[in-house]
Structures are given as C-alpha cells and as structure tokens.
Amino acid sequence: MCGIVGYAGGAQAAPILLHGLKKLEYRGYDSAGIAVRDASSAHIEVIKAKGRLDRLMDMTGGGQAVCGMSGVGHTRWATHGEPSAENAHPHYSREKRVVIVHNGIIENYQEIRDMLERRGYRFHTQTDTEAAALLLDCAYAGEDGNSPQERAVHAIRTTMLRLQGSYALGILFHDQPDVVYAARRDSPLVVGRCTGEAHGHILASDVPAVLSYTRDVVYLDNMEIARITKDTLDIYSIDAERISKPMMHITWDAQAAEKGGYEHFMIKEIHEQPAAVRDTLSPRIVSRNGAPDTDLTETGLTDEEIRRIQRVLFVGCGSAYHAGLVGVGVTEALARIPCSAELASELRYRNAPVQPGTLCVLISQSGETADSLAALRLCKEKGMKTLAIVNVVGSSIAREADAVLYTHAGPEIAVATTKAYSAQLAALYLLAVHLSSRRAAISPAQKQELLEALTALDGKIKQALGEKTRIQRFANTFAACRDVFFIGRGLDHALCMEGSLKLKEISYIHSEAYAAGELKHGAISLIEDGTLVIGAATQPQVFAKMLSGIAEVKSRGACVLALSAQADDRLAEAADFCIGLPGTHPLFAASVGVVPLQLLAYYIACERGLDVDKPRNLAKSVTVE
Ligand code: AGP
C-alpha cells in the first residue's frame with residue numbers, strides 16, 4: 001500500500017520527508033514524490049519519479065536542493081493507473097492551489113471526475129487521487145470562512161463527506177504557508193510532535209516514518225482532520241469541531257514498527273486479510289435499482305461475450321493454482337460452465353486442445369511468475385480470451401492479458417502468501433457471481449444472497465482470527481510432528497491444498513492434501529498412531545461423508561483437527577480438536593477455513609524457530625522456470 005509523510009516545522013522539510021519515505025519502503029512502492037512549500041516564494045515545488053526512492057534523492061540532492069519548511073511526501077503502490085512519474089503523487093489542482101498525497105482507494109472517483117469535468121476541470125492522470133485533489137480545490141474555492149484555517153477545515157470536511165472508499169490524505173494549500181493538513185478514513189495516519197532540530201510536527205501512514213523525530217504520537221481516527229504547524233497540532237471532528245486526543249508513547253524499535261508491532265510480516269499480513277478482501281470486493285459491488293450487483297467493467301467482458309463462454313481455465317502456480325481450484329468449484333456451481341484448474345508449468349507443455357469460447361483466467365500475486373506468464377502467452381496464441389487476476393499493478397501478466405481484475409491486497413512481503421491468496425478468492429467469487437448472473441444461471445434473489453454474503457465476508461475472516469490463541473496452543477503440541485495429512489471433499493479439498501502448502505513451505509514438515517474419499521484407495525496405509533490429520537468439513541452436502549472419513553482415520557490411530565462451520569456433536573466426538581468457523585455461504589467457506597490453517601502453519605514454524613518470512617529455498621516471485 002502507499003505511504004504518506006507530512007512535516008511542518010523549524011527545519012527544511014525535504015530531507016525529513018525523504019527520510020520518512022525511506023522508512024516506509026517496506027510497504028512496497030513503484031514510484032515516489034514530494035511537494036515542499038517555500039514560504040518566501042509562495043511556491044510549492046513538486047518533484048516525483050518512477051522507481052526507487054534513490055531517484056528522488058538524486059533529483060533533490062538528498063532534499064538539500066529543495067527549500068521550504070513544510071511539505072508532503074508519498075510512496076505509491078499503484079491501484080489505479082500504471083506506475084509512472086505522471087501518476088506518482090503528489091497530485092494537485094491548477095496553479096497548485098491544492099496539493100495532496102493519498103494512501104487508500106477512492107471508490108467513486110469516476111463519478112467525481114465526471115462531475116468536475118462538467119464544471120470545467122481538466123485531469124492529467126489516470127489516478128483516483130487526482131479526483132480527490134480537484135474535488136478539494138473545488139470545495140476550497142467555494143469556502144468563504146472567516147480565517148484560512150476555517151476555510152481549509154470546512155473544505156476538507158466537504159470533500160471527505162463526498163469521497164467513498166479509504167484515504168489518508170496529506171494536504172498543502174498554496175495560500176497557507178508552513179501548514180500541513182491531514183484527513184483519515186480507514187487508511188492509518190499518525191501525527192507526532194518533533195523535538196530537537198526538527199522541532200515541529202510530522203504526520204505519516206505508519207510509525208516507522210516518525211521514530212527518528214519522535215516517539216509521541218496521536219493516532220487519527222476515522223473522519224478526523226489534523227492541522228500541523230511548527231508549534232501547533234489541532235485535530236477536528238468531521239463536524240469541524242476541535243477535539244483533543246491522547247498522545248501515545250511508542251516503545252517499539254524501528255524494525256518492529258515496520259511490522260506494525262507484529263513479530264513477522266506473515267502474521268501481520270494474516271491479520272490484514274479482512275482489509276484485503278474488503279478492498280478487493282467493495283469497489284465492485286454496487287447498488288442497481290435498489291439491489292446489489294457486480295460491476296466488473298474492468299474485465300472488458302460484454303454480456304454477449306459472457307453468454308458465449310463455453311469453458312473457463314483457471315491457471316496459476318502454487319497458492320494461485322489453489323485459488324484456481326476454488327474458482328472451478330464456485331464457477332461451476334453458480335454459472336454452470338465447465339471449468340478446470342491448470343498448473344501453469346504443466347499447461348504450457350501439454351499442447352492441450354482448445355475448445356472454442358474458452359476464457360483463460362491467469363491468477364498471480366506478483367504478475368511476474370515465469371510459468372504463468374508463459375502460459376498466458378500460449379493461451380493468447382491459441383486464441384483464448386485472457387483475464388488476469390493480479391495484485392501488482394503494471395506487472396507483466398497484468399500488461400499482457402486482454403484484461404485485468406486487480407486484487408487490492410497491498411504489497412505482500414512474506415514469501416508465503418496469505419492476504420493476496422484471500423484477495424484472489426474474493427476476486428474469483430465476484431467473477432463467478434458476475435458470470436452466473438449475466439448468464440441468468442442464478443436468480444436475482446440468489447445474486448442478492450451471494451453478494452450480501454460477500455459484503456459480510458471480511459467480518460467473518462476477522463472472526464476466524466479470533467481462534468488464534470487456541471490454534472497456537474494446538475500448534476505448540478504438534479510442532480515436532482511429521483507427515484501431516486489434510487483431507488477434504490470438493491472445495492474443502494482445494495482448501496486443504498492451500499493449508500498443506502502453507503505448512504510445508506514455512507515449517508518444512510512434509511504434508512499432503514488428499515481428497516477425503518480417495519484416502520482409502522491407498523494412502524490410508526500411512527495413517528498410524530499419532531499421525532496428525534486435518535479434516536476440513538465446511539461443505540454441507542458432504543458433511544456426513546467427512547464424518548465417516550474422520551472416523552476412518554481415527555480408527556487407525558490418527559489425531560484429528562477438524563474445521564467446520566457446523567456445530568455437530570458427532571464431529572466433536574469424532575475429532576480430537578475442533579475449530580468452529582464463522583458461518584458464511586458454503587461456496588465462500590475457503591476464505592474463513594484458510595485462516596486457521598495459515599495460523600497453524602505459522603505457529604508451528606515459530607515453535608520450530610524457523611525464518612517464517614523468508615523460508616529456505618523460496619523466492620517471493622519465481623521469475624525463472
Ligand atoms: C505461496 O505461499 C508461494 N509463495 C507460492 O506458491 C506462490 O503462490 C506461487 O509461486 C505463485 O506466485 P504468484 O502468485 O506471484 O504467481
């Protein structure tokens with residue numbers, strides 16, 4: 001996700017802004033920029049560059065070449081618009097009357113852009129942020145408050161009430177030197193009081209950016225506005241009333257701060273899954289004629305093309321392939337289209353016959369996986385329509401596919417994917433509902449039920465995180481285990497594939513995912529006293545079968561951990577350890593079921609003292625064959 005920094009004080013702003021952005025690099029970015037207000041010249045200088053922060057450092061002499069005691073800075077993780085200097089922040093209105101940096105996603109930016117263009121505003125970038133900048137300019141021009149401060153706070157308030165989505169904004173007004181404003185909704189924002197040479201105030205997306213100047217910060221809450229100068233920090237409610245908030249003293253060290261106080265990036269990202277799923281779903285679930293509907297215009301699929309689809313291939317590697325397995329189950333169940341999940345590394349050499357009307361869905365977090373990119377090129381050569389589900393804007397797969405449906409998980413640092421996988425599932429659910437409703441394969445009532453379940457999904461995932469203490473205790477008991485089996489049927493088999501991979505890749509314990517009905521055809525000979533078996537039983541139509549499968553392995557001495565949304569005495573009796581999952585639509589159960597499996601793998605790896613974020617032999621993106 002993006003990072004923002006702002007400063008107003010007694011020191012030159014540019015070096016402080018660049019230092020703060022450097023501390024936010026861990027969040028991942030593709031471009032960066034700063035804006036500095038030189039009080040003497042009434043000029044706001046904006047410098048931005050694609051690529052690493054070093055380029056910005058070179059362009060500004062480490063900040064020494066830019067004069068001014070107040071400013072804002074930004075590292076961009078692209079969500080709307082390619083990574084480029086033009087799309088980099090800060091964004092501003094004409095004559096730089098208003099300059100802003102933004103972390104988050106403005107969901108209604110298109111309607112705001114259309115409205116402003118009708119009023120004569122001209123846009124120069126593809127970003128949602130520019131719409132926010134020009135909207136604020138429009139509001140500020142219309143304010144006639146008694147003081148510049150009042151004008152600014154009221155204009156920001158008006159803008160916040162109009163914007164939909166998430167934002168942390170850093171704001172400069174051309175006619176207010178040495179003052180920086182900020183506003184927050186859902187995207188985090190801290191404001192600190194700087195001492196020493198940097199005497200003044202600093203604001204940022206996250207604590208690491210301020211720790212060099214202060215350990216005393218205020219956390220802004222949703223719909224609050226901040227105003228900082230060298231000597232003052234004022235905070236306003238959305239009613240433009242000044243409020244007081246407690247100053248918190250940060251005790252973390254810098255490295256812990258990058259992880260938001262979590263021990264590892266992986267556990268931090270496991271906890272970011274509700275936001276990743278919400279940010280992927282909410283911009284694409286709209287209200288039409290009073291009912292929820294999908295808006296997947298970005299896929300470029302017309303209703304006529306959707307009706308002509310004869311087959312869907314879901315292609316990926318590793319966890320992306322496992323997401324594709326879920327995509328098969330959900331799409332076949334809803335849209336009644338024949339589907340298959342393909343390992344990219346297999347598909348590219350199989351010379352599979354192509355069925356006319358095949359849609360190929362390439363799934364990739366990085367968008368750079370060599371096998372998946374090669375499979376994409378092959379499918380295009382064979383005349384298939386290609387749709388990429390990718391987390392990195394402007395990545396190779398995103399650029400080369402006919403269309404892309406971005407996940408909004410933000411940068412994922414840990415090698416073992418968690419939040420990006422969950423965001424992939426969310427995108428696949430959306431696609432399945434969209435295809436099925438455009439093919440009239442589901443009724444409006446079914447669509448409403450499905451979309452309401454998706455809208456509630458982030459809360460269910462958050463609820464599933466509540467089991468972490470129990471799971472940690474269980475993990476500590478089994479940290480020395482070997483040869484773990486994950487068994488499930490249908491969508492639960494796909495869930496088991498992902499759970500097994502998580503355990504293997506970070507704990508180095510061998511495990512296998514098995515279709516529960518297949519175990520008796522051979523592999524059950526491996527079950528012996530104490531063998532750990534994870535049984536996933538989230539699918540009602542095969543729940544009874546899972547019960548007998550669990551009884552089968554129990555009778556051979558297995559220790560069973562069962563996952564189920566159904567509170568059932570028979571399951572509690574059959575299994576040694578039960579994890580109750582929050583109820584959701586069975587088709588979306590993998591999204592809640594994967595959370596305990598991620599936590600189990602994580603806590604076992606921690607107990608084994610392993611490098612959870614950087615497991616041996618693995619890379620975050622396998623860009624070679
Ligand atoms: C998942 O935890 C692994 N890191 C790996 O299986 C990964 O999912 C796979 O390499 C695909 O990567 P991609 O999504 O970036 O294409």
Side-chain angles (χ1 to χ4, degrees), residues 28 264-270 272-273 276 280 314-327 341-348 360-377 379 386-401 404-428 486 494-509 511 513 590 594-595 597-602 604-605 610-625:
H264 300 103
F265 280 112
M266 183 176 175
I267 191 67
K268 176 172 181 264
E269 288 156 5
I270 286 173
E272 287 175 342
Q273 290 184 116
T280 300
F314 294 92
V315 182
C317 302
S319 294
Y321 168 70
H322 300 155
L325 290 169
V326 174
E342 303 282 349
L343 286 168
S345 55
E346 289 292 305
L347 180 67
R348 55 183 302 203
C360 176
V361 181
L362 271 299
I363 306 166
S364 175
Q365 186 284 129
S366 62
E368 300 297 346
T369 298
D371 283 323
S372 304
L373 181 57
L376 164 64
R377 289 169 177 163
C379 291
T386 56
L387 170 66
I389 292 180
V390 170
N391 196 43
V392 181
V393 173
S395 56
S396 303
I397 291 174
R399 276 184 285 109
E400 295 193 24
V404 56
L405 183 59
Y406 282 116
T407 51
H408 294 315
E412 191 173 61
I413 313 298
V415 166
T417 184
T418 51
K419 63 174 183 173
Y421 165 81
S422 290
Q424 287 165 357
L425 294 190
L428 289 163
F486 291 73
L495 169 61
C496 287
M497 294 283 281
E498 178 57 14
S500 173
L501 178 61
K502 288 283 101 40
L503 184 67
K504 280 182 279 201
E505 63 179 326
I506 65 172
S507 75
Y508 315 150
I509 292 173
S511 74
V594 76
V595 173
L597 301 185
Q598 294 164 344
L599 291 169
L600 180 67
Y602 172 77
I604 286 178
L610 299 173
D611 185 347
V612 171
D613 286 335
K614 297 188 181 68
R616 68 186 182 199
N617 310 337
L618 296 181
K620 183 59 185 169
S621 177
V622 184
T623 55
V624 294
E625 286 201 28

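Note that ligands are numbered from 1 as they come in the structure, with each ligand's atoms numbered from 1 the same way. Everything quoted here is computed from the prediction, not taken from an experiment.
Checked for salt-bridge contact, Asp611 and Arg616 miss the test: no charged N lies under 4.0 Å from a carboxylate O. A salt bridge does not link Glu269 to Lys419: none of the charged side-chain nitrogens sits closer than 4.0 Å to a carboxylate oxygen.
A distance of 11.5 Å separates NZ of Lys504 from CG of Leu618, quoted to the nearest 0.5 Å.
The residue from Thr407, Asn391, Thr417 that alone fulfils the side-chain hydrogen bond (donor to acceptor under 3.5 Å, both in side chains) condition with Glu412 is Thr417.
No side-chain donor-acceptor contact under 3.5 Å links Gln598 and Glu498.
Within 4.0 Å of ligand 1, contacts by protein heavy atoms are made from Cys317, Gly318, Ser319, Ala320, Ser364, Gln365, Ser366, Thr369, Val415, Ala416, Thr417, Leu501, Lys502, Glu505.
Side chain of Asp613 to backbone of Phe265: a donor-acceptor contact under 3.5 angstrom is found.
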